[in-house]
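Order of the sequence lines fixes the chain letters, A, B, ..., with proteins taken first and strands second; residue numbering starts at 1 for each chain.
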Amino acid sequence: MSGAELTVGTWNVNSLRVRLPHLAQWLAATPLDVLGLQEIKLPDADFPGADLERLGLGGAWHGQKTYNGVALLAREPLAGVGRGIPGYGDPQARVIAGSVRGVRIVNVYVPNGQAVGSDKYAYKLEWLARLGAYLAGELARHPLLAVVGDYNIAPEDRDVHDPQAWEGQVHVSPGERAALGALLALGLVDVFRRFEQPERSYSWWDYRAAAFRRNAGLRIDLVLASSALAARCTGCRIDATPRRWERPSDHAPVLATFDLSA
DNA sequence: ATGGCTAACATGGTTAGA
């Protein structure tokens with residue numbers, strides 16, 4: 001949390017307005033330096049910046065009415081804040097970036113994709129291609145780069161509670177996995193898998209059909225790191241605690257810690 | 001069994017999520 005360590009989190013809160021009490025409760029128990037939020041679902045004018053300041057967090061946000069919206073919160077001032085993918089006139093607020101202690105952090109809310117073959121699926125793949133081109137430039141400028149967020153893609157079958165039932169569906173389709181593979185091929189590492197993890201580790205569970213109680217989930221919230229930053233990663237975990245609370249987000253936060261002293 | 005649940009916007013029922 002301080003000195004040589006940097007802890008970065010990511011959490012799809014599914015409405016910051018509704019989840020602000022959970023965020024406060026979780027932050028009180030969870031030391032971190034930087035936190036990317038997705039699906040804040042409010043315009044910038046309604047962003048609860050003063051509430052978050054009371055929780056010790058400043059930062060920057062990129063919101064819109066009703067849908068999407070991302071924020072990058074930090075205990076230290078953010079440098080070089082950027083919103084959206086440069087040169088891509090995306091009307092949906094899905095990306096915000098900033099730097100802390102020489103580490104570049106890009107926070108993403110990848111489109112859902114709805115169904116394979118749909119217009120939204122095509123948008124998802126186009127969006128991921130644009131993200132890849134943007135990240136290639138970010139990697140060239142920032143050796144220490146983390147790309148955190150809700151990817152809406154389960155990287156492998158072990159990230160899916162029932163791979164047979166999900167085969168070919170959106171979030172696991174070959175096209176999406178190829179797009180994620182293209183991001184990894186830039187030199188990014190899914191740091192969660194750098195460490196031993198519990199079997200059946202997921203970060204999202206459907207609200208319906210008692211999915212959380214059955215641990216019927218997907219691991220779709222990821223921390224990707226450049227090779228130089230991944231080499232400094234000392235741990236990565238999913239914190240399912242707030243998913244057990246009353247009126248939860250359907251996603252759990254993910255945390256990764258980096259030792260910057262080396 | 002193509003549902004189940006939650007949130008925004010609106011104030012009943014649609015859109016969207018994953």
Exercise. How would you list, by chain and number, every residue that makes a ring-ring contact (aromatic ring centres under 6.0 Å, His included) with His22(A), sequence neighbours excluded?
Worked result: Trp245(A)
Exercise. Would Arg232(A) count as a cation-pi partner of Phe258(A), with NZ or CZ less than 6.0 Å from the six-membered ring centre and within 45° of the ring normal?
Worked result: no
For this session: Can you tell me, in whole Å, how much space there is between the P of dG13(B) and that of dG4(B)?
Result: 15 Å
For this session: Return the set of residues passing side chain to side chain contact (heavy atoms under 4.5 Å, CB included) with Leu55(A) (not counting sequence neighbours), or none when no residue passes.
Result: Ala24(A), Leu27(A), Leu52(A)
For this session: Grab the CG-P distance between Asn68(A) and dG17(B) for me, whole Å please.
Result: 7 Å
Exercise. Taking atom types as they are modelled, is there a donor-acceptor pair under 3.5 Å from the base of dA7(B) to the side chain of Arg19(A)?
Worked result: no
Exercise. Just checking Gln169(A): base, sugar-phosphate only, or nothing, at a heavy-atom cut-off of under 4.0 Å?
Worked result: nothing
Problem set entry | Any donor-acceptor N/O pair under 3.5 Å between dA18(B) base and Asn112(A) side chain | yes
For this session: Using the six-membered ring wherever Trp is involved, compare the ring planes of Phe47(A) and Trp61(A) and label them parallel, tilted or perpendicular (cut-offs 30° and 60°).
Result: parallel
For this session: Using the P atom as the reference point in each nucleotide, state the distance between dT2(B) and dG17(B) in Å, no decimals.
Result: 22 Å
For this session: Can you tell me, in whole Å, how much space there is between the P of dA16(B) and that of dA1(B)?
Result: 28 Å
Exercise. Considering only side-chain heavy atoms of Tyr207(A), which listed nucleotide, dG17(B), dA8(B), dA18(B), is closest?
Worked result: dG17(B)
